[in-house]
Amino acid sequence: MKLIDDIKEKVLANGLKVFVLPMKKYNKAIAVYSTKYGSIDSEFVLPYTGEKLKVPEGIAHFLEHKMFDMEYGNAFDKFAEYGAESNAFTSYNNTTYYFSTTSNFFESLKVLLDFVETPYFTEESVEKEKGIITQELRMYEDDPEWQVYLNLLKSLYHNFPVRIDIGGTVESIQKINTELLYKCYETFYHPSNMVLFIIGPIEPKEVLEFVGQHEEQRKLGAQSEIKRIYPEEPETVFQKEVKIYHSVTQPLMLLGFKDVDLGYDGEKLLKKDVIISILLDIMFGKSSETFEKLYEEGLIDDRFGFSFEAYKDYGFCSIGGNTKDPERLAQEIIKSIRKIKAEGLKKEDFEIMKRKFIGDFIQSLNSLDFIAHSFVSYYHRGINMFDFSRVLYELEFDDVMNYLEGFFNEDRMSISMVLPRK
Amino acid sequence: MEGIIKKKLENGINVYLYPTDKFKTLTFSFFIYRDLEEENATKNALIPFVLKRGTKNFPTARKLTRYLESLYGADLGADVVKKGERHIIQILLNVVNPNNLEKDRDVLDKSLDVFREMILEPYIENGCFKRQYVEQEKDVLKRIIESLFNDKYNYAIERCLQEMCKNEPYSIYKYGNVKDLEKINEQNLYDYYLSVLKTSPMDIFVVGDFDYDIIYEKLNKLFNFKRDEKPLKPISIKKDVEKEKFVEEKQDVNQGKLSIGLRTNVKYGDEDFYAMVVLNSILGGGPYSKLFQNVREKASLAYYAFSRLEKSKGLMLISSGIDFENLNRAIEIIKIQIEDIKKGNVTDYEYKSALKDLVNSLKQAKDSPASIISLYLDGVINGIEESIDEYIEKIKRVTKEDVVSVAQNIKLDTVYFLNKKD
């Protein structure tokens, strides 16, 4: 059954990949412009000079803030003039800029392309931004849910930069200056490292022509491949457990497993993503025996959750949430994993979960924002998100069973807790 | 043209049908309206939690969830919403439209049966709710009430509203309070729920691709129970501010959280309302707004600084996270922005950007079932029945003079600051 129209795609001469998905019935159109550059890319070789560079923590995120500065002022102002809403975010892997609008689509698209393609930094505005980002970091310091997550990553990893906060620290961002920002920009914002995804009530042909002409005018040559340098990461975890004390009335606990089956992307990565997500849902979802037991004991409530992150160079899952007794919750989760490993899964549970995943996927297609951001995030991993339903359909019970033993290995497990201050 | 069709079931329940072929799902929202009042708030909050535990045919949450998973992950949820001085119990069903499925096309009817059961035939033991479920959910609700303290950002907003509306029903937290939980048991809660079903005004909203005669008939059959509706109390919004209040609280935090509560004395349904909506956007609605430009961009004091309206109570709330020592400067800058609007110091850029932003957001709201329902719900609560397009037209007609004129109604009531411990 055909759920969506066909995507039109084009690779431009300068290497930029453009995708257009028409959704005629919707009011809004969204354009997402994203580079495969996130906080983990903290050490690299500059393609033009061959210089090896290690940059201050948080610079990708800082750069995202400063990209909106233009010689004419601020790109936000131009979007406002056209009635478009714009924003950006930085993750461990990508920096993504976007707008959504119900009018003046092409004018807004030009603003987006122009500001992401035009670095314009002054010492004064960089200094000013330090005050704003300091407050952003302080906000996260007061957020126990973010803290318990960050600490889990710090415990799972010895060296890999996913253990460092995306925004860096108040100290590290002080070292950022215009020269460093330009160097990061020159390295990672070449069109061959970027993708443009557009969705909404638009004519693909028109959009592709518009973007094609715009990119041709930039007269950019090709760029050689970017060398990203990641530190050696052992298979073991950095520490088994971490506890911090925070201004909370209720403790939080996250338990995570480090994935060591790495080094690939594309459909193989998508398949692993689907398998572990299904496994987690069968084991800990609301229809699981474990969820029911922990809930009845008052150890968890509906805020209990789990997730899996699948990338070429790292991967991990996290399980947990608010709880009155973090030590016991962790022990109960471990016990239940051992039990499931010993007894195996039921094929029937797997078949029902497959159906739920198909339904969830169809439901998610209601949201253009969801489609746009998922598409881009998967694209950077060599995955077409619309392969999801086929991969799911082809998935066999044995595929899932095979992962159970290897993935949930207690030697690669860490536990992070946030506890109330005395 | 999209729009809503209003009908009445035979027992007087209003049905609002919004047919559109945009979405791949069908969304049903059942709203039960109550007065927000001390006596019943905690019971209203607890009911959705107990309803989710089981129904006549699915006596445990686990069985219920598993059945919903087999219906392609149909979402069946329940929660409590506070809008103005209305306390609303909401039961929500989201199901894949069978048009998108090759088999199992009975998912809609099956889902609707469980939807009905959750509301009209919850799990009963010995003539009332199951004791164990009520006790466990009391504990869950207690944890949820107490964990507001973990969330400093929302804590500071909620505390400001509580202080500002002391002695008014609006100060009641949407989840009620811990001390009232002690008085609740399976019998008095069940008796209360029966009276809620009998006497409360109720609406059902439906969004999706459906034939409205068929859906109407289905609902009429499913919810054909005896009612004896009692009207709700009118909501009062006018209140004089005698003296500005300043409330400070100290906790172990890394960032000061400033919340400012103001009386607008204008609510949805008043002629001036649309001008107040535009005013709010000019003050703190987006990157073009006075708060963003002056608190963040110019003074570099904060990462976020925004204002928002409580449409059904005539309140405005301003929120910003700042360094502790910048409190007085931030308050001063914020007050200047409000005074500037009162004096008519509003630039064309600010005014036009606010209008365009509002129109864009309202048009975008039509792309999401949840936003459509939320907008219509605001209208229904305040006795207004207008389409989203009519709302947009009224916003477009607001002049700068209207904004300045309505600004004269605004009175600063309470400044709340979450400070660090000495």
Side-chain angles (χ1 to χ4, degrees), chain A residues 1 3 25-28 74 76-77 80-86 100-103 128-129 131-136 138-139 141-145 246-250 252 285-289 291-292 295-296 298 301-302 322 324 352-353 355-360 362-363 365-368 421, chain B residues 20-25 60-62 65-66 68-75 94 96 100-102 132 136 139-140 143-144 146-147 149-153 251-255 257 286-288 296-297 300-304 321-323 349 352-353 356-357 359-361 363-364 366-369:
Chain A
M1 186 150 294
L3 288 167
K25 290 165 189 160
Y26 280 74
N27 290 331
K28 70 169 147 190
N74 194 310
F76 277 131
D77 300 346
E81 256 172 58
Y82 292 124
E85 195 183 311
S86 162
S100 62
T101 191
T102 51
S103 60
K128 228 174 185 179
E129 204 64 31
I132 296 170
I133 294 181
T134 296
Q135 290 313 315
E136 187 177 2
R138 295 272 184 248
M139 179 179 82
E141 285 172 15
D142 280 337
D143 179 355
E145 291 184 22
H246 207 273
S247 175
V248 293
T249 47
Q250 238 169 62
L252 291 114
K286 279 184 196 162
S287 64
S288 69
E289 196 185 323
F291 186 94
E292 182 176 57
Y295 192 100
E296 303 239 317
D301 47 56
D302 281 356
N322 295 62
K324 62 180 178 200
I352 288 183
M353 203 50 81
R355 224 192 288 177
K356 181 201 171 205
F357 271 56
I358 288 169
D360 285 352
I362 298 174
Q363 292 205 30
L365 299 179
N366 272 354
S367 162
L368 301 198
R421 282 200 185 103
Chain B
T20 163
D21 60 357
K22 215 180 257 185
F23 306 118
K24 293 175 173 58
T25 54
T60 70
R62 189 176 169 206
T65 308
R66 200 178 157 87
L68 294 165
E69 282 170 353
S70 76
L71 300 175
Y72 292 85
D75 290 325
N94 237 317
V96 172
N100 295 303
L101 296 172
E102 277 161 20
Q132 185 201 0
Q136 282 168 355
D139 189 43
V140 169
R143 298 194 306 254
I144 286 177
E146 287 174 347
S147 69
F149 183 88
N150 281 20
D151 179 358
K152 305 301 176 196
Y153 172 95
Q251 289 179 15
D252 251 322
V253 285
N254 295 297
Q255 182 185 53
K257 308 279 189 276
Y288 53 82
R296 173 174 152 141
E297 295 297 303
S300 207
L301 288 187
Y303 170 64
Y304 68 90
I322 54 171
D323 247 347
Y349 166 73
K352 283 186 184 155
S353 300
K356 287 176 195 160
D357 182 31
V359 171
N360 186 38
S361 308
K363 284 187 179 167
Q364 291 202 21
K366 292 204 271 177
D367 289 343
S368 145

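The basis for the numbers below is simple: all heavy atoms, side chains too, and nothing from hydrogens, waters or symmetry mates. Lettering of chains follows the sequences in order, A, B, ..., and the numbering in each one begins at 1.
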>> Rounded at 0.5 Å granularity, tell me how far CD1 in A/Ile362 sits from OG1 in B/Thr25.
In response: 10.5 Å

> Which region of B/Lys363, side chain (C-beta onward) or backbone (N, CA, C, O), has a non-hydrogen atom less than 4.5 Å from a non-hydrogen atom of chain A, or is it both or neither?
Replying inline: both

> Could B/Lys22 and A/Tyr26 be counted as a cation-pi pair, given that NZ or CZ must be under 6.0 Å from the ring centre and within 45° of the axis?
Replying inline: yes

>> If I measure from the heavy atoms of chain B, does A/Asp142 come under 4.5 Å with its side chain, its backbone, both, or neither?
In response: both

> When you look at CD of A/Glu296, are more than 12 heavy atoms from neighbouring residues, nucleotides or ligands closer to it than 6.0 Å?
Replying inline: yes

>> Does any part of the side chain of B/Val96, heavy atoms only, come nearer than 4.5 Å to the side chain of A/Ile358, both counted from C-beta?
In response: no

> Of the non-hydrogen atoms in A/Gln363 and B/Tyr72, which two are nearest, and what is the gap between them?
Replying inline: NE2-O, 4.2 Å

> Heavy-atom distance under 4.5 Å between the side chains of B/Glu297 and A/Ile132, does that happen here?
Replying inline: yes

>> Shorter than 4.5 Å, heavy atoms on both sides: which option in B/Asp357, B/Ile144, B/Thr65 has the most such pairs with chain A?
In response: B/Thr65

>> Can you tell me which portion of B/Asn94 sits under 4.5 Å from chain A's heavy atoms? Options are side chain, backbone, both or neither.
In response: both

> Is there a donor-acceptor pair closer than 3.5 Å between any side-chain N or O of B/Lys152 and the backbone N or O of A/Ser247?
Replying inline: yes

>> Does any backbone or side-chain atom of B/Phe23 lie under 4.5 Å from a heavy atom of chain A? Answer side chain, backbone, both or neither.
In response: both

> For the atom pair CD (A/Glu145) and CG (B/Asn150), what is the distance rounded to the nearest 0.5 Å?
Replying inline: 8.0 Å

> How far apart are the closest heavy atoms of B/Lys356 and A/Tyr82, and which atoms are they?
Replying inline: CD-C, 4.4 Å

> Contact part of A/Ser367 toward chain B, heavy-atom cut-off under 4.5 Å: side chain, backbone, both or neither?
Replying inline: neither

>> Once rounded to the nearest 0.5 Å, what's the spacing between atom OG1 of A/Thr134 and atom CG of B/Leu301?
In response: 12.0 Å

>> Just so I know, are the side chains of A/Leu365 and B/Asn100 near enough to count as touching, which here means a heavy-atom distance under 4.5 Å?
In response: no

> Do B/Gln364 and A/Thr102 come within less than 4.5 Å of each other through their side chains, counting heavy atoms only?
Replying inline: yes

>> When you measure from the side chain of A/Glu292 to the backbone of B/Ala61, do you find a donor-acceptor pair of N or O atoms at a distance under 3.5 Å?
In response: no

> About how many Å separate CD of A/Glu85 and CG of B/Asn360, when rounded to the nearest 0.5 Å?
Replying inline: 6.0 Å

>> The criterion is side-chain contact (heavy atoms from CB on, under 4.5 Å); which residues satisfy it with B/Arg143, sequence neighbours excluded?
In response: A/Gln250, A/Asp301, A/Arg303, B/Asp139, B/Val140

>> Just verifying a value: how many Å separate B/Ile322 CD1 and A/Arg138 CZ, rounded to the nearest 0.5 Å?
In response: 13.5 Å

>> For the CZ atom of A/Arg421 and the CD atom of B/Gln251, what is their distance to the nearest 0.5 Å?
In response: 10.5 Å

> Counting distance only, does the side-chain N/O of B/Asp367 pair as donor-acceptor with the main-chain N or O of A/Lys28 below 3.5 Å?
Replying inline: yes

> By a 4.5 Å heavy-atom criterion (distance strictly below it), what part of A/Ile133 contacts chain B: side chain, backbone, both, or neither?
Replying inline: neither

>> Can you confirm whether the side chains of A/Ser287 and B/Glu69 place a donor and an acceptor under 3.5 Å from each other?
In response: yes

> With a 4.5 Å limit on heavy-atom distance, are the side chains of A/Glu289 and B/Arg62 in contact?
Replying inline: yes

>> Let's test your reading of the structure: which of A/Asp360, A/Leu368, A/Thr101 forms the most heavy-atom pairs below 4.5 Å with chain B?
In response: A/Thr101

>> Heavy-atom pairs under 4.5 Å with chain A - which of B/Ser361, B/Pro369, B/Ser353, B/Ser368 has more of them than the others?
In response: B/Ser353

> Under a 4.5 Å heavy-atom cut-off, does chain B meet the side chain of A/Ser100, its backbone, both or neither?
Replying inline: both

